[in-house]
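Scroll down for the structure; my scribbles are underneath it.
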Amino acid sequence: MQLTKAQTRFLKELELFIDNNGYAPTTRELVELLDYRSNNAVRFHLINLKSLGYIDYVDGKSRTIKVLKSI
């Protein structure tokens, strides 16, 4: 399945953050990085990208996002 523009941007920014810092961002950091207004927008993308097999994470734990498929 093809990613939307928003999903592609989200995944690219996520990968860039991990590459630059050596660890995954928190939800709050993703909100600020992507200039979103709430955690819900981040959660929406995380859930969708996980269901598509692009990322994995442990729900309820900080900094556990892992990119499984790069774009």
Requested in this report: Could you walk me through whether Tyr54 and Leu68 pass the side chain to side chain contact (heavy atoms under 4.5 Å, CB included) test, one step at a time?
Outcome: CA-CA 5 Å; Tyr54 281 87; Leu68 304 176; over 6 Å; no
Requested in this report: Please lay out, stage by stage, how Tyr57 and Ile55 fare under the test side chain to side chain contact (heavy atoms under 4.5 Å, CB included).
Outcome: CA-CA 7 Å; Tyr57 60 89; Ile55 64 168; 4.0 Å; yes
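If you chain together hydrophobic residues whose side chains sit under 4.5 Å apart, Leu11 and Ile47 fall into the same group.
Note that the OG1 atom of Thr26 and the CZ atom of Phe17 stand 7.0 Å from one another [nearest 0.5 Å]. One finds the CZ atom of Phe44 at 9.5 Å from the CG atom of Leu49 (value rounded to the nearest 0.5 Å). One finds the OG1 atom of Thr8 at 4.5 Å from the CD1 atom of Ile71 (value rounded to the nearest 0.5 Å).
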Show me, pair by pair, the donor-acceptor contacts under 3.5 angstrom made by side chains of residues 30-40, not counting sequence neighbours?
| from | atom 1 | to | atom 2 | distance (Å) |
| --- | --- | --- | --- | --- |
| Tyr36 | OH | His45 | NE2 | 3.4 |
| Ser38 | OG | Asn40 | N | 3.3 |
| Asn39 | OD1 | Arg28 | NH2 | 3.4 |

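The salt bridge (Lys or Arg N to Asp or Glu O under 4.0 Å) contacts involving residues 44-71 comprise Glu29-Arg63, Arg43-Asp59, Lys50-Asp56, where partners must be two or more places apart or lie in separate chains.
Legend: residues meeting side chain to side chain donor-acceptor pair (under 3.5 Å) with Thr4, ordered by chain and number and at least two apart, are Gln7.
Proximity of Phe10 to Val42: side-chain heavy atoms (C-beta onward) are separated by under 4.5 Å at one or more points. Pro25 is listed as a side-chain neighbour of Ile18, based on a closest heavy-atom distance under 4.5 Å.
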